[in-house]
**Student:** 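Submitted below is the structure of interest, expressed as structure tokens.
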Amino acid sequence: MTLSSILTIISEFISTHEFLFVVQTAAFIFKTILLGLFIHRILLSNRVPRLWIYLFTVIISAAIEDLSWVIILFNEIFLPGPMHVLTIVMIRIAWIFNIVMYQSFSLFIESFKSKNPKLKFYHYIFFCVSALFLIALSYFTLTGDVVSSAWERTIREYESMYALIVLMPITIVSALYSLRNTSIPRILRLQLKTCLYFFLLPHLAANLCQVWPFKFTVG
């Protein structure tokens, strides 16, 4: 068996609905537990820093996105046939919270750099681009037909490329650069490592599984 055939088998396996269902279900359970622990921590705290607001938005957005994909994939595996209206709605909700999650994570990473972080010009650009995608996807959710239009599918493709190829790589590079900054308190660097290695990268890998090899499209 050649390396090419092995890679082909792997790519076909990770693009199956069954594999994605297991991955998304595990991700949803993990994030639900994490969200519960985080809410408990907030309730015990006297104040809620802006950093926590970003993180809370990230976790709850990611959990809702995972739940949406669990429902979608469950329908694809166990209820084959024409997609139900609920499935269409959940697909659109997943895309909305996908961009919310990644944008919030970008702001969360930036908040680690100093006690009083200031957004740079590219953060405003990212925020504007994310806002445009959010508005467009929300519009389709509220007014779209049961069958997604070509324009809606195009918006999703560009949103996915923007998040996975532009926003997240820059966010990850920024996070790795921040870890080299010795002026950041050790506890903050540890928290940043935890969020990066145990949350962002696994979630990014799960999203890449959904689009690899760029043929997993629903709706």
**Student:** List the atom of Gln103, the atom of Phe126, and the distance in Å for their closest heavy-atom pair.
**Tutor:** OE1-O, 3.2 Å
**Student:** On the 0 to 90° scale, with breaks at 30° and 60°, tag the Phe21-Phe74 ring pair as parallel, tilted or perpendicular.
**Tutor:** tilted
**Student:** Using the ring centroid of each side chain, check whether Tyr124 and Phe127 are separated by less than 6.0 Å.
**Tutor:** no
**Student:** Find out if a path of hydrophobic residues (ILVMFWY) with successive side-chain heavy-atom gaps under 4.5 Å connects Val129 to Val166.
**Tutor:** yes
**Student:** Where the side chain of Thr141 meets the backbone of Leu137, is there a donor-acceptor pair that is under 3.5 Å apart?
**Tutor:** yes
**Student:** Hey, could you give me the CZ/CG distance between Phe38 and Leu55, rounded to the nearest 0.5 Å?
**Tutor:** 4.5 Å
**Student:** Would Ser130 and Tyr162 count as a side-chain hydrogen bond (donor to acceptor under 3.5 Å, both in side chains) here? Give the steps.
**Tutor:** CA-CA 9 Å; Ser130 297; Tyr162 163 72; 3.2 Å; yes
**Student:** Counting only N and O atoms by type, is there a donor-acceptor contact under 3.5 Å from the side chain of Tyr102 to the main-chain atoms of Val58?
**Tutor:** no
**Student:** Under a 4.5 Å side-chain heavy-atom rule over Ile, Leu, Val, Met, Phe, Trp and Tyr, are Leu132 and Met101 clustered together?
**Tutor:** no
**Student:** Is a side-chain donor or acceptor of Ser68 paired with a backbone partner of Ile64 at a separation under 3.5 angstrom?
**Tutor:** yes
**Student:** According to the interplanar angle, ranging from 0 to 90°, do the rings of Phe108 and Phe105 count as parallel (below 30°), tilted (30 to 60°) or perpendicular (above 60°)?
**Tutor:** perpendicular
**Student:** Any idea which heavy atoms bring Trp52 and Arg47 closest together, and the distance?
**Tutor:** CZ3-O, 4.1 Å
**Student:** Residues sharing Ile33's hydrophobic cluster, by side-chain heavy-atom contacts under 4.5 Å among ILVMFWY, directly or via others?
**Tutor:** Ile29, Leu37
**Student:** Just wondering, more than 12 heavy atoms not from Phe121 lying within 6.0 Å of its CZ?
**Tutor:** no
**Student:** Any Lys/Arg nitrogen of Glu157 or Arg153 sitting under 4.0 Å from an Asp/Glu carboxylate oxygen of the other?
**Tutor:** no
**Student:** Distance check, rounded to the nearest 0.5 Å: Leu167 atom CG versus Ile99 atom CD1?
**Tutor:** 6.5 Å
**Student:** Quick check: is Tyr158 connected to Leu134 through a chain of hydrophobic side chains (ILVMFWY, heavy atoms under 4.5 Å apart)?
**Tutor:** yes
